[in-house]
There are 2 protein chains.
Amino acid sequence: MLHQETYHSVRHPVPMGFPRRSAASQERPLSEALTEVGVRHRYSRNSEIFGEGEPVENVYLVVSGAVRTYKLLSDGRRQIGDFHIQGDVFGLEVGDERQFTAEAIADSVVMVASRSALVSMANDDTSLAAELWSHTANDLKRAQDHLLLLGRKRAQERVATFLLDMAGRNRADIIVELPMSRQDIADYLGLTIETVSRTLTRLEDDEAIEIPSSRRIVLSDKRALRRLNA
Amino acid sequence: MLHQETYHSVRHPVPMGFPRRSAASQERPLSEALTEVGVRHRYSRNSEIFGEGEPVENVYLVVSGAVRTYKLLSDGRRQIGDFHIQGDVFGLEVGDERQFTAEAIADSVVMVASRSALVSMANDDTSLAAELWSHTANDLKRAQDHLLLLGRKRAQERVATFLLDMAGRNRADIIVELPMSRQDIADYLGLTIETVSRTLTRLEDDEAIEIPSSRRIVLSDKRALRRLNA
DNA sequence: CGACGGCTTGATCCGAGTCAATCCTGGTGG
DNA sequence: CCACCAGGATTGACTCGGATCAAGCCGTCG
């Protein structure tokens with residue numbers, strides 16, 4: 001039985017679904033299962049959670065703070081694949097080896113659960129199995145949107161897309177608190193730090209956004225941003 | 001039970017694995033299941049197989065020919081997410097709506113199977129269920145490599161990576177037959193057709209490759225290409 | 001209050017894009 | 001069999017968006 005959910009409904013508690021069979025088969029079994037079997041762990045700013053090439057042992061849930069996942073080229077160029085904030089599950093992979101590195105962006109608290117434990121739970125819980133698959137599928141969906149951004153959007157469009165996406169994640173909606181630095185944003189958007197900075201300034205001049213402080217952006221004209229989103 | 005395989009072992013027949021329980025539980029149950037329950041269908045060059053936004057009904061296996069999947073921006077800029085050739089499964093998604101469009105690059109023969117049929121088969125066949133997940137995870141892995149390419153590699157590196165990837169897919173290894181046009185390659189690599197063409201010419205001048213005809217590339221110096229691959 | 005790290009701004013450069021001809025080459029019809 | 005044609009590919013000249021290089025600025029924390 002396929003059980004599909006949007007990224008948001010996975011991330012944010014939803015009003016207690018229809019319980020089936022057991023207590024484990026509710027609307028968001030993955031983060032629940034992970035919370036049940038996982039262990040709380042604290043990572044300080046910029047510390048590595050796992051590294052590319054390491055064996056895959058655990059799956060993670062962000063309790064507080066934020067995490068970046070990225071790949072490096074041999075000369076140090078970095079591409080951040082995604083950011084993970086409170087409520088996000090990350091590090092769920094199927095293969096033996098980590099495909100990327102994960103680091104805490106800020107001091108963070110994370111639940112750490114063994115993948116094999118989750119997978120064996122999924123053997124008796126169809127809805128958990130479905131959500132494991134569904135979570136990977138959702139990561140893929142995000143990656144595909146990101147491909148379009150990196151391959152075909154101009155700097156302004158990239159930044160606008162990024163801001164709208166960040167706004168969609170919190171329920172703050174119009175005020176975006178950025179947990180990450182300009183360098184992180186640049187490496188996520190395939191730009192340089194200078195271009196990110198200039199583009200934000202330009203959007204502020206055009207009155208699409210306000211920047212009360214460098215880590216806080218107010219999306220005062222979302223319509224304008226969406227227009228840029230192509 | 002997790003059952004992990006590389007993209008290649010999924011794509012190319014492997015010497016009959018260890019049969020478990022039933023005949024369906026072999027080494028590559030997904031393409032087998034798809035072949036069993038699927039219907040052969042022919043698509044002519046440039047015809048659409050499914051379109052972004054349409055409901056997801058089927059899953060596909062390329063029998064012959066080649067397929068591209070892509071997203072468009074409103075002004076027509078196109079980003080190709082991946083190419084699919086003989087033996088590849090594509091169009092396996094978890095959500096309700098197609099996230100991208102699929103088109104035949106050349107006249108192609110494809111097996112078409114209903115997703116719900118496959119999913120219900122997976123209910124009684126753990127190894128099929130595992131491979132459904134594993135297939136999506138593999139698409140994600142490829143997408144992540146592609147993110148690094150689009151976000152951080154220069155034109156020469158992109159083309160070198162592309163050629164090595166294409167070579168890795170066939171077992172031809174050193175002679176690559178390209179089913180797609182320069183425009184397709186450009187839209188896959190986030191470049192223009194002119195840049196792709198110039199870069200290939202440059203690689204030929206540098207004696208990393210030979211181009212006996214525009215659709216056939218000989219990777220005469222793979223080491224040089226790998227060096228470019230960063 | 002000073003210093004450091006992160007951010008912004010300015011000046012200049014350059015890799016890839018754009019615009020514009022050709023140049024194949026594979027397919028067609030005479 | 002050959003000449004022609006159309007669409008794809010290559011090449012050239014020039015442009016431009018974003019990168020690079022280089023100062024400053026600002027806010028936070030000791």
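Throughout, protein chains are lettered first and strands after them, A, B, ... in sequence-line order, and every chain is numbered starting at 1.
Going from atom CZ of A:R154 over to atom C1' of D:dT15 covers 13 Å, rounded to whole Å. Between the CZ atom of A:R77 and the C1' atom of D:dG18 there is a distance of 16 Å, rounded to whole Å. Rounded to whole Å, the distance from CE on A:M180 to P on C:dG6 is 15 Å. Computed from coordinates, the B:E204 CD to D:dA9 C1' distance equals 13 Å when rounded to whole Å. Whole-Å rounding puts the B:L203 CG to D:dA9 C1' distance at 16 Å. The distance from atom CZ of B:R182 to atom C1' of D:dA9 is 7 Å, rounded to the nearest whole Å. Atom CG in B:L189 sits roughly 15 Å away from atom C1' in C:dG17 (whole-Å rounding). If you measure from atom CZ of A:R216 to atom C1' of C:dG6, you get 17 Å, rounded to the nearest angstrom.
Across all strands shown, B:R158 has no heavy atoms under 4.0 Å from either base or sugar-phosphate atoms.
Among all heavy-atom pairs drawn from A:I193 and A:A186, the shortest one is N-CB, 3.5 Å. Closest of all the heavy-atom pairs between A:H84 and A:V89 is ND1-O, 4.2 Å. Taking both residues in full, the closest heavy atoms of A:K153 and A:E157 are given as CA-OE1, 3.3 Å, listed atom of the first, atom of the second, then distance.
The side chain to side chain contact (heavy atoms under 4.5 Å, CB included) with B:L61 is formed by just one residue from the set B:V112, B:T35, B:L30; it is B:T35.
A cation-pi arrangement is not found for A:R68 relative to A:F83, the charged atom failing to lie both closer than 6.0 Å to the ring centre and inside a 45° cone about the ring normal.
Regarding contacts with the backbone of C:dG6, a side-chain N or O of A:R45 is found under 4.0 angstrom from either OP1 or OP2. Considering only side-chain N and O atoms, B:R215 lies under 4.0 angstrom from the phosphate OP1 or OP2 of D:dA9.
Counted by atom type alone, A:T161 and A:N229 present one or more donor-acceptor pairs between their side chains at under 3.5 Å. A donor-acceptor pair shorter than 3.5 Å can be found between the side chains of A:S220 and A:E210.
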Sugar-phosphate means primed atoms, P, OP1 and OP2; the rest is base. With that split, encode nucleotides 23-30 of chain D 5' to 3' as B, S or - using protein heavy atoms under 4.0 Å.
--------
Determine, stepwise, if the pair B:F90 / B:D82 fulfils side-chain contact (heavy atoms from CB on, under 4.5 Å).
CA-CA 10 Å; B:F90 69 95; B:D82 217 341; over 6 Å; no
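Contacts of residues 192-202 of chain B with DNA chain C (heavy atom under 4.0 Å): B:T192, B:E194, B:T195, B:R198.
Around atom CZ of B:R215, more than 12 heavy atoms belonging to other residues, nucleotides or ligands sit under 6.0 Å away.
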